[in-house]
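Data block below; observations after.
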Amino acid sequence: MAEGGPNQASVPKDGTQSDSHLLECPICLEQLHQPRCLPCHHSLCQECLSTYIISEVSGKRDTATTFTCPVCRTLTYPVDKTEDKEKWAEQFPVDKVVMELIQIKSGSTDGHYCMPCKKTKDKKVLAQFWCKTNKCLFCKSCKLNYHDIIHTNCDAIDIITSTDFLPRTETNSKRCDKHKKKITYYCVDHNSFGCSKCVTTGHRKCEEVATTEDYCETLDKDSKLVERTTYMKEAADSLESLVKNLHTYLQSIADDKESALQSIDDMEERFIQRMREMKKEITDDLIAKYKEESGHLKTASQKCERLKVAMQNTMESTVTARQKNDYMGTILLYQRGQTELDSWKDLVKEMRMMSSSVCLKHDAEFDGTSMNFGKIIVQKQQIQFTDVPGLNKPLSECELKEVRKMNIKMESDQSDCSAHGIVISPDGSSIVVGDYNNKNLKLINTDGDVVDELKVDGRTLDLCLVDNTTVAAAIGSGIHVVTVTSDKLTLSNVINIGKQCHGITYRNGEFIVSSGKEVYRVRKDGKTQILHKGPNTIYTLSQDHRDGTLFIPYYNHTPGSTAVGSYSLSTDNLHKDVLKVGVLWPYGVDVDGEGNVYVCGHESHNVVQMSGDGTNVRELLTSADGINSPQAISVCGDKVVVTNLSDRLCNYIHLYQLI
């Protein structure tokens, strides 16, 4: 631990310690007023927090019970969600540490003065030297006349030129609310502070209890603070790079807007009299699209900027807390740093899911006779984030590498398996398979072990993900909704629709189901509405959750016939043929987070990947890779699972990774 002593470089002339960034509200950027501390350890003005909460939950359902921290985006729950949203901010505790810092800042005006002069002459003479042995300040005269005569071997420090020492200060005496004793202990098991009595009465059985000073020493000794600071610096640097990239894309789209407007103006000069109304319409369309897309980029940039600043402040505050031997503050800042790192990881994933950037173009269709201004085209392309750790290359450029082949047949199965439906959980930790022959659903971990089985009354043809802990299965004439945990499958609901269910997907609180050649929208009460009728039987469905495009494989084996079509679930309801070559008897289909579509060719014995418009088709797997009659497929991030229906492979599923 560093020795205490004055540091003129770190101490302002008025004697106060500069912790201004700790005392600023991240919303109004003014000194905190009535600071309220969120569970993630970020503090905001009570009024600013209340205004933010009301804005955050506005437009959501009246039953909204959470909001996100404006700094680190951590999901936050109010103490009493039944109270009005206007009172949620008052429920969080007052940040007493910040209040005391504000009081200290406003009340500390004394500088560093010579102690002998102050005691013997009752004068305030600025000190120049610090004696570590006596822990006493001297002016130049007193050092020569008193200090140097007695302490001939003492090495006094010139505090004017030295920058290696800070005045040693003790942590403010925080007292236990229950026992009114000084808080000096920290329980690692319960992640809580306490006094000596708290430890004696409530933490005797805990495995790891230490004094706050000893725990901070452990953090220093094990290099945890240094390691945390290193990771946070890397994370903050990556956010800085990410902000620069987002600003670049924002500028690019602004340039596109200006270019399109100039193109529109050029055409206006030729058609000013006859095309005024059309000009207004297309200009409004351009501005609306620009506002929508630039809004997404600005929001993403603001999230990154806020988290970057928060991380920088936490790192600076950690250094200051350690120099002051503020053990409790160090631990709290350590915890805050971990929370901010977790938020950084989530934000990086969010940015990675924002897999396409937008380019605005004005397509001028003028041929000398038509009376129109053309149209605004929104072109989406893959974002290439450069120099940002954790963001990988596009999935459309990755190759599949087999990770594991898993045997899903159980001793209780009456026959060989026939996996017609499969989904992998969002976190990639588990897989749910629908076994058509044995009439059950199976839960499998990524090590290939079947950890649970759910018997169902019918044969499963397709599965889809509803949310992080729920899947739905198309079984017989109904939809079976199943809750999934790490080791358990539980049937929670059955929706009967009176039609044979084949393919299934889920969007905006409704199921999309295929039955024969038709595709239906299914509400939770079982009522249906037909959306589309195809040329052949439709056994599976999948969709691009970003824009609601539905991908429909048509089960046929005629070369050159439509293999996969797309159907817009948005307002235009357009149907397009997107794939006619490359696969025969297409069956399983899924879409990754970047909009790439994966199709199983049951009779062509391959798996292909294509862009959502059917271009850039490429084979990922063939029979040479051990794939024979692929049936079902599920994609999650860079993980891909595939099932087979061939006799020798029907009891196995294959787990791949895109690299």
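Side-chain atoms are counted along with the backbone in the values below, which use heavy atoms only and exclude waters and symmetry mates. As the structure is a computational prediction, the values presented were derived from the model and not from experiment.
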- Item | Where Thr66 and Val57 come nearest, the two heavy atoms and their spacing | O-CG1, 3.8 Å

- Query: Quick one: CG on Leu645 to CG on Asn437, what's the gap to the nearest 0.5 Å?
  - Reply: 8.5 Å

- Between the OG atom in Ser301 and the CZ atom in Arg306, the distance rounded to the nearest 0.5 Å is 11.0 Å

- Tyr554 vs Val564 side-chain heavy atoms within contact, under 4.5 Å: no

- With a 4.5 Å heavy-atom cut-off, do His502 and Asp462 have their side chains touching? no

- Query: So does Lys455 have more than 12 non-hydrogen atoms from other groups sitting under 6.0 Å from NZ?
  - Reply: yes

- Query: Between Asp544 and Gly612, is there a donor-acceptor pair closer than 3.5 Å when you use the side chain of the first and the backbone of the second?
  - Reply: no

- Task: State whether Tyr656 and Lys401 meet the cation-pi test: NZ (Lys) or CZ (Arg) under 6.0 Å from the six-membered ring centroid, and within 45° of the perpendicular axis.
- Result: no

- Of Val482, Asp435, Asp452, which is the lone residue that meets side-chain contact (heavy atoms from CB on, under 4.5 Å) with Leu441? Val482

- Query: For Thr68 and Arg73, does a side-chain donor sit closer than 3.5 Å to a side-chain acceptor?
  - Reply: yes

- Message: For Ser542 and Asp590, which I'm curious about, is there any donor-acceptor pair between the side chains at under 3.5 Å?
- Response: yes

- Item | Pair Thr562-Asp577, side-chain donor/acceptor within less than 3.5 Å | yes

- Message: Let me confirm one number: the CG-OG distance from Asp467 to Ser425, rounded to the nearest 0.5 Å.
- Response: 12.0 Å

- Hey, mind stepping through Leu297 and Ile253 against side chain to side chain contact (heavy atoms under 4.5 Å, CB included) and telling me if it holds? CA-CA 10 Å; Leu297 291 171; Ile253 197 173; 4.3 Å; yes

- Does a donor on one side chain and an acceptor on the other come within less than 3.5 Å for His532 and Glu518? no

- Task: Answer yes or no: does atom NZ of Lys409 have more than 12 heavy-atom neighbours from other residues, nucleotides or ligands under 6.0 Å?
- Result: yes

- Message: Does either side chain, that of Ser294 or that of His296, offer a donor lying less than 3.5 Å from an acceptor on the other one?
- Response: no

- Quickly, which of Arg521, Lys524, Gln529 forms a side chain to side chain donor-acceptor pair (under 3.5 Å) with Glu510? Name it, please. Arg521

- Query: Okay, side chain of Ser514, backbone of Ile538: is any donor-acceptor separation there less than 3.5 Å?
  - Reply: yes

- What residue among Ile504, Leu569, Val522 forms side-chain contact (heavy atoms from CB on, under 4.5 Å) with Ile512? Leu569

- Asp457, CG atom: more than 12 neighbouring heavy atoms under 6.0 Å: no

- Output, in order, the C-alpha distance, side-chain angles, deciding distance and verdict of side chain to side chain contact (heavy atoms under 4.5 Å, CB included) for Gln500 and Leu461. CA-CA 10 Å; Gln500 179 67 38; Leu461 285 174; 4.2 Å; yes

- Task: May I ask you to decide if the ring planes of Trp585 and His602 are parallel, tilted or perpendicular, using 30° and 60° as cut-offs?
- Result: parallel

- Message: Within the structure provided, determine whether His605 and Ile627 are in side-chain contact (heavy-atom separation under 4.5 Å).
- Response: no

- Query: Taking atom NZ of Lys244 as the centre, does the number of heavy atoms from other residues, nucleotides or ligands within less than 6.0 Å exceed 12?
  - Reply: no

- Task: Establish, yes or no, whether a centroid distance under 6.0 Å links the rings of His575 and Tyr567.
- Result: no

- Heavy-atom side-chain proximity of Ser429 to Asn445 below 4.5 angstrom: no

- Message: For the CZ atom of Phe551 and the NZ atom of Lys576, what is their distance to the nearest 0.5 Å?
- Response: 10.0 Å

- Item | Distance-only polar pair, side chains of Asn644 and Ser646, donor-acceptor under 3.5 Å | no

- Message: Under the criterion side chain to side chain donor-acceptor pair (under 3.5 Å), I'd like the reasoning laid out for Thr558 against Asn556: C-alpha separation, chi angles, the key distance, then a yes or no.
- Response: CA-CA 6 Å; Thr558 303; Asn556 67 74; 4.8 Å; no

- Of all heavy-atom pairs between Asp416 and Cys650, which one has the smallest distance, and what is that distance? CB-SG, 3.7 Å

- More than 12 heavy atoms of other groups within 6.0 Å of Glu619 CD: yes

- Task: Determine whether Ser623 and Asn628 make a side-chain contact, defined as any pair of heavy atoms from C-beta on separated by less than 4.5 Å.
- Result: no

- Message: I need the minimum non-hydrogen distance between Ile475 and Cys501, along with the two atoms involved.
- Response: N-CB, 4.3 Å

- Message: Is the shortest side-chain heavy-atom distance between Val597 and Leu579 below 4.5 Å?
- Response: no

- Do Glu453 and Lys488 meet the salt-bridge criterion of a basic N to acidic O distance under 4.0 Å? no

- Note on the structure: Correct closest heavy-atom pair for His545 and Arg507 would be O-NH1, 3.8 Å

- Student check: side-chain heavy atoms of Cys417 and Lys442 closer than 4.5 Å: yes

- Query: Ignoring hydrogens and geometry, is there a side-chain-to-backbone donor-acceptor pair from Asp613 to Thr615 under 3.5 Å?
  - Reply: yes

- Message: Checking Val607 against Ile633 for the side chain to side chain contact (heavy atoms under 4.5 Å, CB included) test, could you report, in this order, the C-alpha distance in whole Å, the side-chain angles of both residues, the deciding distance, and whether it holds?
- Response: CA-CA 9 Å; Val607 174; Ile633 188 169; 3.8 Å; yes

- Message: Return the CG to SG distance between Asp592 and Cys636, rounded to the nearest 0.5 Å.
- Response: 10.5 Å

- Message: Whether Lys308 and Glu305 form a salt bridge (side-chain N of Lys/Arg under 4.0 Å from carboxylate O of Asp/Glu) is what I want to check.
- Response: yes

- Task: Please report the shortest heavy-atom distance between Ala419 and Thr643, naming the atom on each side.
- Result: O-OG1, 2.9 Å

- How long is the span from the SG atom in Cys398 to the CG atom in Leu658, to the nearest 0.5 Å? 5.5 Å

- Query: Where does the angle between the aromatic ring planes of Tyr587 and Tyr539 fall among parallel (under 30°), tilted (30 to 60°) and perpendicular (over 60°)?
  - Reply: parallel

- Message: Pair Lys499, Thr528 - check side chain to side chain contact (heavy atoms under 4.5 Å, CB included), show working.
- Response: CA-CA 10 Å; Lys499 298 178 177 65; Thr528 62; 3.5 Å; yes

- Are the side chains of Cys72 and Thr339 in touch, meaning some heavy atoms are under 4.5 Å apart? yes

